[in-house]
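Take a look at the structure set out below.
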Protein chains: 2
Amino acid sequence: MTTLPSPALLTDRYELTMLQAALRDGTAGRRCVFEVFTRRLPPGRRYGVVAGTGRVLEELTRFRFGTPELDWLADERVVDDATLTYLADYRFGGSVVGYAEGEAFFPHSPVLVVEGTFAEAVLLETMVLSVLNYDSAVASAASRMTSAAVDRPCLEMGSRRAHEWAGVAAARAAVVAGFAGTSNLEAGRRYDIATIGTAAHAFTLLHDDEASAFASQVDALGAGTTLLVDTYDVKEGVARALAAAGPGLGAVRLDSGDLAVLAHEVRAQLDAAGAHSVKITVTSDLDEHAIAALAVAPVDSYGVGTSVVTGSGAPTCGMVYKLVAREDADGVLQPVAKASTAKTSVGGRKSAARRVVGGRDAEEVLVTGPDERVRAASSSADAAREAFDALEQAERGPGELRPLHVPLVVDGQVDERWTGPQGVRAAAERHRTSRATLPRGARRLSADEAALPTVTLTLPRS
Amino acid sequence: MTTLPSPALLTDRYELTMLQAALRDGTAGRRCVFEVFTRRLPPGRRYGVVAGTGRVLEELTRFRFGTPELDWLADERVVDDATLTYLADYRFGGSVVGYAEGEAFFPHSPVLVVEGTFAEAVLLETMVLSVLNYDSAVASAASRMTSAAVDRPCLEMGSRRAHEWAGVAAARAAVVAGFAGTSNLEAGRRYDIATIGTAAHAFTLLHDDEASAFASQVDALGAGTTLLVDTYDVKEGVARALAAAGPGLGAVRLDSGDLAVLAHEVRAQLDAAGAHSVKITVTSDLDEHAIAALAVAPVDSYGVGTSVVTGSGAPTCGMVYKLVAREDADGVLQPVAKASTAKTSVGGRKSAARRVVGGRDAEEVLVTGPDERVRAASSSADAAREAFDALEQAERGPGELRPLHVPLVVDGQVDERWTGPQGVRAAAERHRTSRATLPRGARRLSADEAALPTVTLTLPRS
């Protein structure tokens, strides 16, 4: 596997200048809690999907300032020598808890909580947000598409409409949200995702006629291949496809025109020829609404490009990385929050739970209270349940509280179950189970409010 | 400089399966011309800005299938042994012409033309489109922002709202379109772009009070720093900033609230304190419309994040990579085009020129005709003018025809003037000159049609 370079300089300059000032004034070592959350969902969206957590952990293990990075920072006088010395030895030694990748999220859900010294935690802000904001935007859109597609597979084909490395992350995030595969080879290699794709119009146009293009493709890739039948005339294309591959043809692909009408015509043509097993796959600027509109058409799978890699109208999540608590001069952890207009945040560490009543999600519960109790509630599901059980029933509310935080990094050690291919599989499984208990109607595509209200439950002091 | 890994697998699987079939049937060696263009601008946009050309050339020089890539393709049986042998030796040996990076483009502008064997050219499709689609989307949005800002600097700060490597490309593309700097350190290192940034709210909150945070920052970064004054109360923040740094303070930053009102209040407060040289920089979800609305506010610079890295509503360009001509069995280059519904393209190689009448752009001219004449017109500005001069005046039309294609790769050799830092500088310069001659009104932000009509001029056979 080719390793990507360190993400250390994929960082806003101010993280380093803040570090320099804090090292100089002695606050760099103060223990801090940073929380990642979004203030709102994109307009009309009912839920979001956490994605990228595994990639954050992968990037974290490679987050190092090597000699070339340090030399450049020195040459450009970005920071002083004391800061360079700190950076040369930088290893994140703190802890991270968060929502399991694939979990649904809502406004103010604390999807990631980073705890460490100011110095070690502040440096991660840009990387953490870049990964979570992009990957979650893609997964949140992708989940609506796989919802609309019901049991038909969705295939990610949007690499060409995103930055070249974003395409890899997009394929991964789409699979977290239920996509069955991707056209992107690097995503296949890196995350053991099924890759798909056979031929474009260029292949047909390269040949002297459609029949010779189809014959060549079948010869090279077998009769089970997918033939693209809309380069010239679709009806003739389907006839030539059957002539080239016989009834064992895998599928035909339609990439233009009125797909619903064409799918019916092509299905009828295939069936009339006895080619009942030949599938129909459609592509062509599909989004969740187009997929829903094709529900009654005889389509077997959907290839989705632009709309999934650009978050279908919401290309980023607006997640922020906010300092919510830090040690004071006496070593006591104090809640903090920006106090001025508009962007007010709630201070203090938060854990989280989903209230489930009658098998359906009812509320997103932010868990606040004394820092050590909240911290414990984020450390394991058992500790969380214990903390919740200690509450009086009246405070606790109805139904069950499903704890949402899982440990991701403990004292600098990344839990590798969330990384690599196994992380993607775990996240896809989590997304299936998480989405299954959303309230009825949460998966409607029409614009509406967040599907769950976000409420706060406060743990008592003892 | 840390080198990125090869982009060879940042590729749709079908490029490789098409290659396999074409190698097997003997068409892989047919000379082909692929053209990159967009069918339309995003709704309401009047022009687009070509960006990413330099990055395409940088990626092209690293586009190699190494042992890890070949082993994975073999293990996964993506392609057969003959194809693996071809890929092991892959070097692009063809030629590329295109619009100079930074140039304006319109519907159907042939912004890049790739010529080579089918095999060598088809493999580049995904990479070329990923880079151009993302970078041009950012530059197209950024150009509207720098237009709206007139002489005030725009600073790119959106890394956290884009995929971590997309953030680097976004910073670069923003600078092509007139931004003065970026917060992204890697973009600074890789493209010699000015980096900016001093402190976030977290830095103030880390400290026991705002005064000690400001004192620390001034101690570490000097009085010329920018202090963020809206963590608590803006008026008190400004007073504390002046107390900490004195009248030599560089700037104050406002990141929330009604920026126009606050800017007036803060300017008055600074001036009343005799701090006339202290600048005001504003950030907080700015886009081109917000920047335009702040034109009459006493603001000195704009920090732009989300909207620039997501293309301000148009996060990708919709550019396609289409086969427009290929050799037939007799070795004669034949124009080709998809013939079915909706997505019809014009076949044959195209060159391009901008018609300039009275110092203003009047038309985007696609130049078609006999392949060798069109090819010559794309090979140099002199050859293009010679070809245009050969036309009768009636065919040629009014004004001057400014040739738009420049050679980028000749027989596999990349022209390095378009790459690295010098490429970014050249592109930014090209954008300034290109934008300066757009028709009056083309830079209006309100929704309208493309600012230039796209017309076709056909060179005669001799």
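Everything numeric in this text was worked out from a predicted model, so none of it was measured. Sequence lines set the chain letters: A, B, ... in the order given, protein chains first and strands last, and positions in each chain run from 1.
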Are [X] and [Y] ion-paired here, with the side-chain N under 4.0 Å from a carboxylate O?
{"X": "R189(B)", "Y": "E69(A)", "answer": "yes"}
{"X": "D192(A)", "Y": "R172(A)", "answer": "no"}
{"X": "D255(A)", "Y": "K338(B)", "answer": "no"}

Winner by heavy-atom pair count (cut-off under 4.5 Å) against chain A, out of [options]:
{"options": "D219(B), D328(B), T310(B)", "result": "D219(B)"}
{"options": "Y14(B), Y321(B), F118(B)", "result": "Y14(B)"}
{"options": "G318(B), P7(B), A329(B)", "result": "G318(B)"}
{"options": "T204(B), N133(B), V138(B)", "result": "N133(B)"}
{"options": "H207(B), M319(B), Q20(B)", "result": "H207(B)"}
{"options": "G313(B), G188(B), G167(B), C32(B)", "result": "G188(B)"}

Heavy-atom cut-off 4.5 Å, strictly under: side chain, backbone, both or neither for [X] against chain B?
{"X": "V78(A)", "value": "side chain"}
{"X": "W165(A)", "value": "both"}
{"X": "F203(A)", "value": "both"}
{"X": "R13(A)", "value": "both"}

Given heavy-atom pairs under 4.5 angstrom as the criterion, report whether the side chain, backbone, both or neither of [X] touches chain A.
{"X": "M127(B)", "result": "neither"}
{"X": "Q334(B)", "result": "neither"}
{"X": "T306(B)", "result": "side chain"}
{"X": "L132(B)", "result": "neither"}
{"X": "V320(B)", "result": "side chain"}
{"X": "F34(B)", "result": "side chain"}
{"X": "V168(B)", "result": "side chain"}

Would a 4.5 Å heavy-atom cut-off, applied to side chains only, mark [X] and [Y] as touching?
{"X": "T283(A)", "Y": "L254(A)", "answer": "no"}
{"X": "F63(A)", "Y": "L124(A)", "answer": "yes"}
{"X": "T11(A)", "Y": "L16(A)", "answer": "yes"}
{"X": "V33(B)", "Y": "L323(B)", "answer": "no"}
{"X": "P5(A)", "Y": "L4(B)", "answer": "yes"}
{"X": "T182(A)", "Y": "I196(A)", "answer": "no"}
{"X": "R24(A)", "Y": "D80(A)", "answer": "yes"}
{"X": "Q217(A)", "Y": "M18(B)", "answer": "no"}

*Determine whether the side chains of T27(A) and D25(A) contain a donor N or O and an acceptor N or O closer than 3.5 Å.*
yes
Among [options], residue most engaged with chain B (heavy-atom pairs, under 4.5 Å):
{"options": "S183(A), A169(A), A21(A), G237(A)", "result": "S183(A)"}
{"options": "E59(A), E76(A), E327(A)", "result": "E59(A)"}
{"options": "R30(A), E164(A), E15(A)", "result": "E164(A)"}
{"options": "A215(A), G311(A), A213(A), S130(A)", "result": "S130(A)"}
{"options": "T195(A), D75(A), L23(A), T126(A)", "result": "T195(A)"}
{"options": "D12(A), T316(A), L129(A), V131(A)", "result": "D12(A)"}

*Would you check, one step at a time, whether the test side-chain contact (heavy atoms from CB on, under 4.5 Å) holds for N184(B) with L9(A)?*
CA-CA 7 Å; N184(B) 187 291; L9(A) 290 190; over 6 Å; no
_Heavy-atom contacts under 4.5 Å, residues 155-162 of chain B to chain A_ = S159(B), R160(B), R161(B), A162(B)
_Quick one: does any side-chain atom of S212(B) pair with a main-chain N or O of D209(B) as donor and acceptor, under 3.5 Å?_
yes
*Should the pair H163(A) and H163(B) be assigned to parallel (<30°), tilted (30 to 60°) or perpendicular (>60°) ring geometry?*
parallel
*Distance, nearest 0.5 Å, that separates CG of D135(A) from CZ of R55(A)*: 4.0 Å
*Inter-residue atom distance E186(A).CD - I193(A).CD1, 0.5 Å rounding*: 11.0 Å
